[in-house]
Amino acid sequence: MSKFKKKSAGGRPGISTASLPDIVFMLLFFFMVTTVMREVDLKLKNEKPFATEVKKLEKRSLVSYIYIGSPKDRYQAQFGREPRVQLNDQFARLDEIQPFAHAEKQAKSESERPLMQFSIKADKDVRMGIVSDVKLELRKAEALKINYSTRKGVPSMLK
Amino acid sequence: MARRESPEINAGSMADIAFLLLIFFLVTTTMDVDSGIARKLPPYEENPETPPQIKKINILQVLVNANDEILVNDDYMDLRDLRAKAVDFIDNNLLGECDYCQGPRDKSMSESPEKHVISLQNDRGTSYEMYIAVQNELTGAYNQLRNREANLKFGRNYELLGDEDAKSIAKLYPVNISEAEPLKL
């Protein structure tokens with residue numbers, strides 16, 4: 001009788017959590033290495049189109065971003081539904097692109113300026129009108145190296 | 001002298017600290033790698049000079065209208081056929097001066113890879129998705145030709161070559177895409 005009692009009183013030993021920090025640190029380092037800091041708070045819809053012939057952008061510090069897309073739902077009451085341009089953290093008018101490009105150039109050292117790139121991150125649903133306007137502004141600002149940001153994959157038209 | 005053992009630090013909260021850091025990084029970072037189609041824009045000129053005359057056979061005119069339909073040299077074309085058409089056009093070698101070309105030497109297409117021009121024009125109403133798809137096909141045509149030459153010369157694909165070698169291959173098939181101002185509706 002007492003034999004049985006003793007067994008039930010002992011219970012199962014608890015699982016050791018001593019290695020839990022190690023596992024979590026491993027995950028932490030994985031994410032620190034594979035991800036990059038978010039630069040801006042996106043205020044517009046930005047679903048990039050697919051393309052297969054893509055080139056990786058090498059020096060992130062030399063890339064400036066121009067976002068194009070319709071404002072997100074919560075901004076639509078204020079900014080409407082028409083596609084707009086976003087520079088840094090806020091919506092911008094087309095005539096603000098030139099000063100932006102010049103400011104971005106000034107921020108880099110002279111030797112790095114020829115290597116600068118402007119990445120156009122446009123939503124796949126925008127029309128070419130606004131993209132052409134942005135390109136014209138970039139040409140006026142002598143920012144000629146551009147990159148159409150895309151995701152890797154087969155374009156939906158070819159599926 | 002008696003040595004007193006220092007009490008062990010409790011590591012029980014280490015997991016909590018690590019989780020906190022992990023969640024912080026999960027929230028503030030993004031995974032997306034930046035990649036895209038690289039292009040060079042022409043410099044802006046207030047009063048553009050009259051462009052040099054280019055022979056009509058050296059121009060491949062690609063028009064994309066507001067309904068995302070493609071017109072290549074006045075014929076409707078499916079997006080699927082555009083890449084092969086562009087490859088044939090660039091590689092055509094009508095003059096016979098280009099010894100590495102393998103094109104069909106068609107009388108209605110370009111004289112040599114140096115002389116060819118692909119003229120791309122879109123409408124203001126063309127969707128960005130379609131525009132990127134067309135740019136992708138044209139880039140694909142150049143990459144296909146460059147890969148062929150890179151494999152023949154160096155036994156590797158174009159993007160795996162070193163700077164010098166890549167430049168020498170890029171010279172064989174220069175990217176000549178000229179974009180006209182979009183049509184206004």
Side-chain angles (χ1 to χ4, degrees), chain A residues 17-18 20-25 27-28 31-32 34-39 48-58 60 63 65 68 117 119-133 135-136 138-152 155-158, chain B residues 11-19 21-46 64 66 68 78-80 122-144 159 179 181-182 184-185:
Chain A
T17 54
L20 191 60
D22 302 351
I23 297 165
V24 178
F25 266 117
L27 276 173
L28 174 65
F31 277 101
M32 278 173 75
T34 55
T35 61
V36 284
M37 279 283 175
R38 208 177 286 221
E39 317 89 14
K48 292 184 274 180
F50 287 100
T52 48
E53 312 294 326
V54 295
K55 237 170 124 185
K56 237 180 164 180
L57 280 180
E58 265 139 35
R60 286 187 76 89
V63 182
Y65 299 95
I68 307 171
Q117 279 198 40
S119 177
I120 296 180
K121 291 197 172 196
D123 188 88
K124 67 181 174 59
D125 292 327
V126 302
R127 301 271 144 193
M128 276 309 288
I130 188 166
V131 183
S132 303
D133 293 341
K135 274 159 68 184
L136 184 66
L138 284 176
R139 282 172 63 195
K140 284 181 187 165
E142 284 171 42
L144 302 178
K145 271 181 107 173
I146 61 161
N147 186 299
Y148 301 106
S149 192
T150 57
R151 282 178 289 174
K152 212 170 160 74
S156 58
M157 282 91 175
L158 288 178
Chain B
S13 52
M14 183 90 108
D16 302 351
I17 298 167
F19 262 121
L21 279 170
L22 176 66
I23 289 162
F24 171 74
F25 272 94
L26 278 177
V27 170
T28 56
T29 60
T30 48
M31 265 267 200
D32 68 323
V33 267
D34 262 320
S35 55
I37 298 173
R39 280 281 173 274
K40 220 159 182 190
L41 296 175
Y44 179 74
E45 280 164 42
E46 197 90 16
V64 190
D68 290 355
D78 195 89
L79 184 64
R80 276 167 245 267
N122 56 270
D123 191 282
R124 286 185 71 86
T126 307
S127 79
Y128 183 66
E129 196 178 14
M130 188 63 187
Y131 175 78
I132 288 296
V134 169
Q135 285 273 18
N136 184 50
E137 290 311 296
L138 296 179
T139 317
Y142 284 107
N143 283 349
Q144 187 181 326
E159 64 261 32
E179 281 186 66
E181 290 294 310
K184 286 199 177 113
L185 286 175

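- Side-chain N/O atoms of Ser127(B) and Asp125(A) include no donor and acceptor closer than 3.5 Å.
- Across all their heavy atoms, Asn136(B) and Ala51(A) have their closest contact at OD1-CB, 3.6 Å.
- The greatest number of non-hydrogen atom pairs below 4.5 Å with chain B, out of Lys152(A), Arg127(A), Met32(A), is found for Arg127(A).
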Using the side-chain contact (heavy atoms from CB on, under 4.5 Å) rule, take Ile146(A) and Lys40(B) through it: C-alpha gap first, then chi angles, then the decisive distance, then the call.
CA-CA 6 Å; Ile146(A) 61 161; Lys40(B) 220 159 182 190; over 6 Å; no
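- Taken from CZ in Phe19(B) to CG in Leu27(A), the straight-line distance is 7.5 Å, to the nearest 0.5 Å.
- Contact tally against chain B (heavy-atom pairs below 4.5 Å) for Ile23(A), Leu136(A), Leu28(A), Leu20(A): the top residue is Leu28(A).
- Contact count against chain B (heavy-atom pairs under 4.5 Å) is highest for Met128(A) among Lys145(A), Lys135(A), Met128(A).
- Closest non-hydrogen pair, Ser132(A) versus Asn122(B), comes out as OG-ND2, 4.2 Å.
- Contact of Val64(B) with chain A is not made at all, since no heavy-atom distance falls under 4.5 Å.
- With chain B as the partner, the residue from Pro155(A), Ser156(A), Ala122(A) showing the most heavy-atom pairs under 4.5 Å is Ala122(A).
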Give the C-alpha distance, both sets of side-chain angles, the deciding distance and a yes or no for side-chain contact (heavy atoms from CB on, under 4.5 Å) between Met14(B) and Val24(A).
CA-CA 10 Å; Met14(B) 183 90 108; Val24(A) 178; over 6 Å; no
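- A search for salt bridge (charged side-chain N to carboxylate O under 4.0 Å, His left out) contacts involving Asp16(B) returns nothing, not counting sequence neighbours.
- If you measure heavy-atom distances from Asp123(A) to chain B, the contacts under 4.5 Å come from the backbone alone.
- Per-residue counts of heavy-atom pairs under 4.5 Å with chain A were compared for Glu129(B), Glu179(B), Gln135(B); the largest is that of Glu129(B).
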Go through Ile132(B) and Met157(A) one step at a time and tell me if the side-chain contact (heavy atoms from CB on, under 4.5 Å) criterion holds.
CA-CA 11 Å; Ile132(B) 288 296; Met157(A) 282 91 175; over 6 Å; no
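- Side chains of Tyr148(A) and Tyr128(B): no donor on one and acceptor on the other come within 3.5 Å.
- For the set Val63(A), Val131(A), Leu138(A), Thr52(A), the count of heavy-atom pairs under 4.5 angstrom toward chain B peaks at Thr52(A).
- Most heavy-atom pairs under 4.5 Å with chain B, from the set Ile120(A), Leu57(A), Ile130(A): that is Leu57(A).
- Taking every heavy atom of both residues into account, Ala15(B) and Pro21(A) meet most closely at N-CG, 3.8 Å.
- The distance from the CE atom of Met130(B) to the NZ atom of Lys124(A) is 14.0 Å, given to the nearest 0.5 Å.
- In summary, the side chains of Glu53(A) and Asn143(B) do present a donor paired with an acceptor at a separation below 3.5 Å, with no hydrogens or angles considered.
- Only the side chain of Glu137(B) comes within less than 4.5 Å of a heavy atom in chain A; its backbone stays farther off.
- Expressed to the nearest 0.5 Å, how far CZ of Phe31(A) lies from CG of Leu26(B) amounts to 5.0 Å.
- Contacts between Tyr65(A) and chain B at a heavy-atom distance below 4.5 Å involve the side chain alone, from C-beta outward.
- Here the CD atom belonging to Glu159(B) is positioned 12.5 Å from the NZ atom belonging to Lys56(A), to the nearest 0.5 angstrom.
- With a 4.5 Å cut-off on non-hydrogen atoms, Ser149(A) touches chain B through its backbone and its side chain both.
- From Leu22(B), atom CG reaches atom CZ of Phe25(A) across 10.0 Å, with rounding to the nearest 0.5 Å.
- Residue Ala18(A): no heavy atom, backbone or side chain, is found under 4.5 Å from chain B.
- If you measure heavy-atom distances from Ile37(B) to chain A, the contacts under 4.5 Å come from both the backbone and the side chain.
- The two atoms that bring Arg139(A) and Tyr44(B) nearest to each other are O-CB, 3.5 Å, heavy atoms only.
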